[in-house]
A.B. asks: 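Quick one: this structure, given as structure tokens, is what I'll be asking you about.
Naming: A, B, ... by sequence-line order, numbering from 1 per chain.
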Amino acid sequence: MIASATVFAGASMRVSRLMLVTLRDDPAEAEIPSHKLLLRAGYIRRLSSGIYAYLPLLWRVLQKISAIVRQEMDATGALETLLPQLQPAELWERSGRWAGYTAGEGIMFHLTDRQGRELGLGPTHEEVITTLAADLLRSYRQLPVNIYQIQTKFRDEIRPRFGLMRGREFIMKDAYSFHGDEDSLKQTYAAMDLAYRRIFERCGLRTVAVEADSGAIGGSASQEFMVTAEAGEDLILASADGRYAANQERAVSLPPEALPLPAGPRAGGVGEPLSTPGQTTIEQLCGAHGFEPSQLVKVLLLLARFADGQVQPLLISLRGDQQLNEVKLANTVAARLTPAHGALLAIDPLTPELVRSEQLSLDLRGIPFGYLGPDLDDAVLAKAPEEMGLDRSESPVGAPGDGGASSSAEARLVRSFLRLADATAVDLVAFVCGANAVDGHRVGASWTGLGLRPEPLDLRAAQSGDRCLHDPDQCLQAARGIEVGHIFQLGRKYSEALGARFTNESGVDEALWMGCYGIGVSRLAQAAVEQHHDRDGICWPVAIAPFEVIVVIANTQEQAQVELAEGLYNELSAAGVEVLLDDRSERAGVKFKDADLIGIPWRVVVGRGAATGQVELVRRAGSEKCELPANAVRARLETELSRGRAGEPAVR
RNA sequence: CGGGGCGUGGCGCAGCUUGGUAGCGCGGGUGCUUUGGGAGCACUAGGUCGCAGGUUCGAAUCCUGUCGCCCCGACCA
């Protein structure tokens, strides 16, 4: 017999004792199916935005998921631990993340203790674990190690959403590995990849592993595990042959061929002026003059804000038929300017509101929006003329000591553009672009003609339908996904910042290599519901169901039914089956509806056939039914359950 | 934070335009009938109409402020 991951072997319960409250109507607060069902079926209750109570049924689900995670992590040799959630600011200051995580859009709840010391409530544990590693790991002989915990994380999300999907308090498994060299890191990373695939499969989830952006955590390679579902917040792009899959934030592809301008190549051209009054969009321009979007270079103006208060204007050139990928842009900008200006805090389109809120003196009237060319003169960023009354009327009011929107560092506008161009734009020999003057464009311009030599960058968003790099015959297909896991190769970023060093074989002191590996346990539970439900309710995979079987007494007035059901309940329970007995004096219909809603994988109905010892067995997913003698139920269920406990195939 | 919406018994909602008695369905309790797909009848309990000001003889309703919640964007497991 295959070992069950369950921590509840034999645990049983009566529905009348379960504090179960199911709702007939969809709660107004929920939008997506899984959130509605978890509320309706009595799994969760909201306490405040993004803060939920896990009711007894859900707690069992979470415990079962945790048990699977624990088994698979332990099988890789990882060590379970439990780290503090209250973390001193000093630690985060050393890693350089305190300001970014607490100020402004920062995500860390923080507080001051009675001694005036600042503390943060852990949103993640790189700082704590790296400090411990610095203390405990001294020699290559101790390496590699992988340490994990399953515990509540706190994140003051900008927008909590969809119940457990994006909570401000949620349960996460996080693991951190330490290595003497990069190869060892890669081995553990690969082992985690495999362990994660097993975990999700055992939980009964259909997942896809995708290349991912590393984001704020930092580091090089990273991969996300997505539960495919309509309600997913992420867009996945994958090839049909299964060889390439990536988060759209990260995805690469071959752009569609550009159509050359009809008059042929005009290398070195500066472009013929074209009068285009009122034609400020690509559609208008193409509609009026018969251009194709791929013959245009569009130019976007954005502002990048840095921790030191510098505000850098960005001038981005893209081929007219392409879209900007803001994640790629942010990574590019951060790579170039973070060393000088500190963390990149935000990139926003240049708008009058933004200019005003940052109190930057910039006269937007000098900028010919809708007619921008890649060679737009830095002079448009010159200090605003004194007569520009806009700022003057507002700033004296907001300025004196109200401190409202003012950030720690005073915003200063850099007076020259950072010009970046996507390769699709750079590759155009001749193109149409704005004339940098209202109501005019240029036809047949070229990069050399404009006096520019842009470096071809990847700033474009890959799209569904694009051809793949690994095989141009393959196209990218789009799907939505819920991120339930993410693994990173961190490298030495944190170990260097926090002084986590060891002595290598040659007696030389060096920084540890690190990896980190997360699973959103509570999110996973809801993602499972998102993937396994029907119009009547949840259909839990056996491995993570709160109970495996529910025995329903159709009519509690019938002594024969009660006795048979009680006997079955005791027998199953004694046999190690997690069984729920619906002993409530409700009508049968109510109990059937509730059983469907809460989604117990198997239902045994003790009803009319009780007198002759016959009961009905119903599988929740698919509702297949069969009649059988009560004394055959245990054997039958044990066969069926052993399959599910081991992790049933995700697709039936 | 910007944009949109909503706060009325435990849950889902009406009432607000045009100020005057707080209402419906579900749920809870009691009784009778019913008893294999959210039963019927009767009785019953339960509401500071988010909160605070204001206008008015009178505010759920009008005005101002404020708090909370949900949805769309930036963040992420």
Side-chain angles (χ1 to χ4, degrees), chain A residues 21-32 35-36 39-40 42 45-51 69 100-101 104-108 123-124 150 152-153 155-168 170-175 196 212-217 224-227 233-234 247 249 305 326-327 330 345-349 351 353-354 357 404-405 482-488 516-527 536-537 552-558 561 585-597 603 605-610 616 618 623 625:
Chain A
V21 175
T22 57
L23 305 174
R24 199 181 279 232
D25 301 311
D26 284 335
E29 70 187 69
E31 197 76 10
I32 64 173
H35 188 194
K36 290 179 181 172
L39 284 164
R40 279 190 57 206
R45 280 289 161 117
R46 197 196 74 229
L47 207 60
S48 179
S49 178
I51 302 176
V69 168
Y101 267 71
E105 308 264 284
I107 213 170
M108 182 154 58
T124 176
I150 299 173
T152 297
K153 291 283 183 282
R155 293 186 188 173
D156 195 359
E157 291 286 344
I158 298 162
R159 185 149 95 83
R161 232 199 301 223
F162 302 147
L164 305 184
M165 286 296 190
R166 181 175 301 281
R168 296 197 293 168
F170 61 97
I171 299 175
M172 177 171 168
K173 187 283 298 180
D174 50 329
Y196 273 38
D213 181 69
S214 304
I217 309 277
E224 289 166 336
F225 294 84
M226 298 285 192
V227 169
E233 294 183 279
D234 291 276
N247 193 313
E249 295 175 350
R305 196 155 46 86
E326 292 183 20
V327 174
L345 300 180
I347 295 184
D348 299 298
T351 58
E353 295 75 37
L354 184 64
S357 69
I482 300 163
E483 181 188 353
V484 291
H486 199 159
I487 59 177
F488 299 80
C516 78
Y517 319 93
I519 291 179
V521 172
S522 44
R523 177 185 283 182
L524 189 157
Q526 187 171 336
D536 295 320
V552 176
I553 307 172
N555 184 347
T556 51
Q557 310 289 304
E558 296 288 337
Q561 294 184 18
S585 56
E586 295 286 348
R587 294 164 60 91
V590 172
K591 289 186 273 198
F592 294 158
K593 287 285 186 193
D594 276 344
D596 286 348
L597 186 58
R603 184 171 88 211
V605 182
V606 182
R608 295 195 193 101
E616 184 184 56
V618 187
S623 305
K625 299 178 183 178

A.B. asks: Hey, does A/I158 reach any base, or is it just sugar-phosphate, or nothing, if we go heavy atoms under 4.0 Å?
C.D. replies: base

A.B. asks: So, is A/S48 close to the B/C69 phosphate, meaning a side-chain N or O under 4.0 Å from OP1 or OP2?
C.D. replies: yes

A.B. asks: When you measure from the side chain of A/M172, which nucleotide among B/A77, B/C76, B/U35 comes out closest?
C.D. replies: B/A77

A.B. asks: Who is the Watson-Crick or G-U wobble partner of B/C11, with both distances under 3.5 Å?
C.D. replies: B/G25

A.B. asks: Using the P atom in both, what is the distance from B/C63 to B/G19, to the nearest Å?
C.D. replies: 12 Å

A.B. asks: With sugar-phosphate meaning primed atoms plus P, OP1 and OP2, does A/R168 contact a base, only sugar-phosphate, or nothing at under 4.0 Å between heavy atoms?
C.D. replies: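 No contact.
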
A.B. asks: Using a 4.0 Å heavy-atom cut-off across all strands, classify A/D174 as base, sugar-phosphate, or nothing.
C.D. replies: nothing

A.B. asks: Looking across every strand, which nucleic acid part, if any, lies under 4.0 Å from A/V484 by heavy atom: base, sugar-phosphate, or nothing?
C.D. replies: sugar-phosphate

A.B. asks: Using the C1' atom as the reference point in each nucleotide, state the distance between B/A74 and B/G2 in Å, no decimals.
C.D. replies: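 Looking at atom C1' only, B/A74 and B/G2 are 11 Å apart.
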
A.B. asks: Taking the C1' atom in each of B/A22 and B/C16, what is the distance between them to the nearest angstrom?
C.D. replies: 12 Å

A.B. asks: With respect to the side chain of A/D25, which nucleotide from B/C75, B/U35, B/C11 is positioned closest?
C.D. replies: B/C11

A.B. asks: Need one value for A/F162: base, sugar-phosphate or nothing, where a base atom within 4.0 Å counts as base even if backbone is also close, heavy atoms only.
C.D. replies: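 A/F162: backbone/sugar contact only, no base atoms under 4.0 Å.
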
A.B. asks: Touch check for A/D234, heavy atoms < 4.0 angstrom, all strands: base, sugar-phosphate only, or nothing?
C.D. replies: base

A.B. asks: Please indicate yes or no: is the ring centre of A/F592 less than 5.5 Å from the centre of the six-membered base ring of B/G38, with the two planes inclined by under 30 degrees?
C.D. replies: no

A.B. asks: Classify the side chain of A/D596 and the base of B/G37 as holding, or not holding, a donor-acceptor pair under 3.5 Å.
C.D. replies: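 Present.
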
A.B. asks: Which nucleotide, if any, forms a Watson-Crick or G-U wobble pair with B/C69, using both distances under 3.5 Å?
C.D. replies: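 Across any shown strand, B/C69 pairs with B/G5.
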
A.B. asks: Would you please confirm or rule out a distance under 4.0 Å between OP1 or OP2 of B/C76 and any side-chain N or O of A/R166?
C.D. replies: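 No, because none of the side-chain N or O atoms of A/R166 sits under 4.0 Å from OP1 or OP2 of B/C76.
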
A.B. asks: Using heavy-atom distances to pick each residue's nearest nucleotide on RNA chain B, tell me which of A/E31 and A/R608 is more 5'.
C.D. replies: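 Taking each residue's closest nucleotide, the earlier one in sequence belongs to A/R608.
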
A.B. asks: Can you find a pair of side-chain heavy atoms, one from A/V484 and one from A/Y196, that are under 4.5 Å apart?
C.D. replies: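 No - every pair of side-chain heavy atoms lies 4.5 Å or more apart.
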
A.B. asks: Would you indicate whether the side-chain heavy atoms of A/R608 and A/N555 approach each other to under 4.5 Å?
C.D. replies: no

A.B. asks: Considering only atom C1', compute the distance from B/U33 to B/G20 and round it to an integer number of Å.
C.D. replies: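 Approximately 43 Å lies between the C1' atom of B/U33 and that of B/G20.
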
A.B. asks: Should A/S49 be listed as having a side-chain N or O under 4.0 Å from OP1 or OP2 of B/C70?
C.D. replies: yes

A.B. asks: Distance from A/R166 atom CZ to A/R523 atom CZ, nearest 0.5 Å?
C.D. replies: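 Taking CZ in A/R166 and CZ in A/R523, the distance rounds to 5.5 Å.
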
A.B. asks: Could you identify the nucleotide paired to B/A42, looking across every strand shown and requiring Watson-Crick or G-U wobble geometry with both distances under 3.5 Å?
C.D. replies: B/U30

A.B. asks: When the P atoms of B/U64 and B/U17 are considered, how many whole Å apart are they?
C.D. replies: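 Between the two P atoms, the distance is 15 Å.
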
A.B. asks: Mapping A/G163 and A/R24 onto RNA chain B by nearest heavy atom, which one lands closer to the 5' end?
C.D. replies: A/R24

A.B. asks: Can you tell me if A/R159 touches the phosphate of B/C75, counting only side-chain N or O atoms and a distance under 4.0 Å to OP1 or OP2?
C.D. replies: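 The answer is no; no side-chain N or O of A/R159 sits under 4.0 Å from OP1 or OP2.
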
A.B. asks: Given side chains that start at C-beta, do those of A/T22 and A/K593 come closer than 4.5 Å, heavy atoms only?
C.D. replies: no

A.B. asks: Looking across every strand, which nucleic acid part, if any, lies under 4.0 Å from A/E157 by heavy atom: base, sugar-phosphate, or nothing?
C.D. replies: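 Answer is base: heavy atoms of A/E157 come under 4.0 Å of a base.
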
A.B. asks: When the distance from CD1 of A/I553 to C1' of B/G36 is rounded to whole Å, what number comes out?
C.D. replies: 14 Å

A.B. asks: What's the gap between B/U48 and B/A42 when it is taken at their P atoms, as a whole Å value?
C.D. replies: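 Their P atoms lie roughly 28 Å apart.
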
A.B. asks: Any donor-acceptor pair under 3.5 Å joining the side chain of A/R603 to the base of B/G36?
C.D. replies: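 When only heavy-atom distances are counted, A/R603 does not reach the base of B/G36 through any donor-acceptor pair under 3.5 Å.
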
A.B. asks: Between B/G25 and B/G40, how far apart are the P atoms? Round to whole Å, please.
C.D. replies: 12 Å

A.B. asks: Using atom P of each nucleotide, how far apart are B/G9 and B/A52 to the nearest Å?
C.D. replies: 15 Å

A.B. asks: When you measure only distances, ignoring hydrogens and angles, does the side chain of A/E616 come within 3.5 Å of the base of B/G36 through a donor and an acceptor?
C.D. replies: yes

A.B. asks: Answer with yes or no whether A/R161 presents, from its side chain, a donor or acceptor under 3.5 Å of a partner atom in the base of B/C72.
C.D. replies: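 Donor-acceptor pair under 3.5 Å: no.
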
A.B. asks: Applying the Watson-Crick and G-U wobble criteria at under 3.5 Å, what pairs with B/C62? Answer none if nothing qualifies.
C.D. replies: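 By the stated definition (distances under 3.5 Å), B/G54 pairs with B/C62.
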
A.B. asks: Determine the contact category for A/G485: base if any of its heavy atoms lies under 4.0 Å from a base atom, sugar-phosphate if only primed atoms, P, OP1 or OP2 are that close, otherwise nothing.
C.D. replies: sugar-phosphate

A.B. asks: Just call it for A/V605: base, sugar-phosphate, or nothing, with non-hydrogen atoms closer than 4.0 Å on any strand.
C.D. replies: base

A.B. asks: Under 6.0 Å from the six-membered ring centre of A/F592 and within 45° of its axis: does the NZ or CZ of A/R603 meet both?
C.D. replies: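 Here A/R603 passes the 6.0 Å and 45° test against A/F592.
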
A.B. asks: Answer syn or anti for B/U21, where the cut-off is 90° from 0 on the glycosidic torsion.
C.D. replies: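 It is syn.
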
A.B. asks: For the side chain of A/D594 and the base of B/G38, is some donor closer than 3.5 Å to an acceptor across the two?
C.D. replies: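 Answer is yes: a donor-acceptor pair is held.
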
